[in-house]
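Here is the structure we will look at, set down as structure tokens.
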Amino acid sequence: MGRLENKVAIITGAAGGMGKADALLFAQEGAKVAITDLQEEKLQEVVKEIEAAGGTALGFKHNVASEEDWIRIVAEVVEAFGKIDILVNNAGISNATPFLEMTAESWDKTMSINVSSVFYGQKHVIPHMIEAGGGSIVNISSIAGLTGGSGTGPYTASKGAVRMLTKATAVDYAQFGIRANSVHPGYIETPMTAGLFNDDRMTQWALSQTPLRRLGKPEDIARGVLFLASDESSYITGVELPIDGGYYAK
């Protein structure tokens with residue numbers, strides 16, 4: 001029996017990288033997964049991969065910064081699967097623009113995709129979790145949400161906001177059996193970071209900052225997310241879990 005048997009999960013940003021790894025592992029562990037992304041073609045490939053392995057999945061084209069999209073998708077997931085037990089807010093963008101070069105539009109886009117999406121997801125999923133008698137929310141932040149970073153002010157601000165929104169959610173909704181925790185990946189090899197790590201100097205710098213001296217894989221994050229989503233972490237809420245090869249321990 002899988003660790004998520006009879007659970008229903010929504011995972012955003014699941015067309016590739018960490019979200020895809022989450023979706024594949026969750027389905028393998030018995031969850032029915034509703035996966036969302038703007039990259040519809042890649043998303044449907046993930047659905048087919050899950051189904052080919054005997055799992056159950058639905059894919060939704062989703063602008064996570066749109067409350068209307070959240071309302072629609074949550075309603076369709078509940079109609080299809082009857083409930084929602086797990087929400088993984090994984091979708092996000094990076095932004096390394098220095099403050100003095102940032103436009104208002106760029107700032108707003110970063111906050112909308114990285115922070116407002118988490119708020120909307122929680123707002124529209126939590127009522128269904130209350131109805132189901134509880135649930136687990138896992139919000140993907142970053143090590144940038146734990147430490148300051150040179151030249152990454154907007155991104156750092158957004159990921160710090162995710163961390164603190166998670167804590168507030170944990171306190172407010174514990175009475176309903178709902179847990180909320182944040183995951184803080186370090187330097188992970190994903191499609192979003194491919195350009196970064198194509199530069200050997202950047203790769204060597206990242207390795208020098210990571211005590212385990214390797215870049216992380218999406219699967220490294222997925223295993224931590226699975227633990228927090230499952231009943232194995234039933235007495236854990238409001239915490240941040242760095243999965244960073246020791247970066248934050250320095």
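Values reported hereafter were calculated over all heavy atoms of this structure, with side chains retained and with hydrogens, waters and symmetry mates removed. In this chain, numbering begins with 1 at the start of the sequence shown. What you see is a predicted model; the values in this text were computed from it and never measured.
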Task: Heavy atoms from other residues, nucleotides or ligands near NZ of Lys83 exceed 12 (cutoff 6.0 Å) - done: yes

Open item on the list: Using side-chain heavy atoms (C-beta onward) and a distance below 4.5 Å, is Ile137 in contact with Ile178?
Closed with: yes

TODO: Keeping the roles fixed (side chain from Arg179, backbone from Leu228), state whether a donor-acceptor pair exists under 3.5 Å.
DONE: yes

Task: Close side-chain approach of Ile10 to Phe60, heavy-atom, < 4.5 Å - done: no

Task: Check: Lys61 and Leu43 side chains under 4.5 Å, non-hydrogen atoms - done: no

TODO: Taking Gln204 for its side chain and Arg201 for its backbone only, find out whether a donor-acceptor pair lies under 3.5 Å.
DONE: no

Open item on the list: Could you report the tightest heavy-atom contact between Ile50 and Leu24, atom names first, then the distance?
Closed with: CG1-CD2, 3.7 Å

Task: Exceeds 12 heavy-atom contacts within 6.0 angstrom, atom CD of Glu41 - done: no

Open item on the list: Ring-plane angle category for Phe99 and Trp107, please: parallel below 30°, perpendicular beyond 60°, tilted otherwise.
Closed with: tilted

TODO: Would you mind reporting whether Thr210 and Asp244 have side-chain heavy atoms less than 4.5 Å apart?
DONE: no

Open item on the list: Treating Thr12 as the side-chain partner and Thr36 as the backbone partner, does any N or O pair qualify as donor plus acceptor under 3.5 Å?
Closed with: no

Task: Main-chain N/O of Val162 paired with Asn139 side-chain donor or acceptor, under 3.5 Å - done: no

TODO: Could you tell me whether a side-chain N or O of Ser230 sits under 3.5 Å from a main-chain N or O of Leu4, the two making a donor and an acceptor?
DONE: no

Task: More than 12 heavy atoms from other groups under 6.0 Å of CD on Glu232 - done: yes

Task: Pairwise side-chain contact, Asn95 with Lys109, heavy-atom cut-off 4.5 Å (strictly under) - done: no

Open item on the list: Checking the side chain of Gln175 only, and the main-chain atoms of Asp172 only, is there a donor and an acceptor separated by less than 3.5 Å?
Closed with: yes

TODO: May I ask you to decide if Ser106's main-chain N or O and Thr110's side chain share a donor-acceptor pair within less than 3.5 Å?
DONE: yes

Open item on the list: Could you check whether any side-chain heavy atom of Lys217 comes within less than 4.5 Å of a side-chain heavy atom of Glu189, counting everything from C-beta outward?
Closed with: yes

Open item on the list: Please evaluate residues Leu207 and Leu215 with respect to the criterion side-chain contact (heavy atoms from CB on, under 4.5 Å), reporting the C-alpha separation (whole Å), side-chain torsions for both, the decisive distance (0.1 Å), and the verdict.
Closed with: CA-CA 7 Å; Leu207 293 175; Leu215 299 176; 4.2 Å; yes

TODO: Verify, without hydrogens or angle tests, whether Asp22 (side chain) and Leu226 (backbone) share a donor-acceptor contact under 3.5 angstrom.
DONE: no

Open item on the list: Could you report the tightest heavy-atom contact between Ala21 and Glu219, atom names first, then the distance?
Closed with: CB-N, 4.1 Å

TODO: Considering non-hydrogen atoms only, spot the tightest contact between Ile113 and Gly92 and give its length.
DONE: CG2-CA, 3.9 Å

Open item on the list: Checking the side chain of Thr237 only, and the main-chain atoms of Ala180 only, is there a donor and an acceptor separated by less than 3.5 Å?
Closed with: yes

Open item on the list: Rounded to the nearest 0.5 Å, what separates atom CH2 in Trp70 from atom CG in Asn63?
Closed with: 11.0 Å

TODO: Identify whether the distance between the nearest side-chain nitrogen and carboxylate oxygen of Arg72 and Asp69 falls below 4.0 Å.
DONE: yes

Open item on the list: What I want to check is whether the side chains of Asn181 and Ser233 have a donor and an acceptor closer together than 3.5 Å.
Closed with: no

TODO: Could you walk me through whether Asp231 and Lys7 pass salt bridge (Lys or Arg N to Asp or Glu O under 4.0 Å), step by step?
DONE: CA-CA 10 Å; Asp231 292 339; Lys7 303 284 190 183; 3.4 Å; yes

Open item on the list: Taking Trp205's backbone N and O only, do any of them form a donor-acceptor pair with Ser208's side chain (distance below 3.5 Å, no angle check)?
Closed with: yes

Open item on the list: Please check if the number of heavy atoms outside Tyr120 that lie under 6.0 Å from its OH is greater than 12.
Closed with: yes

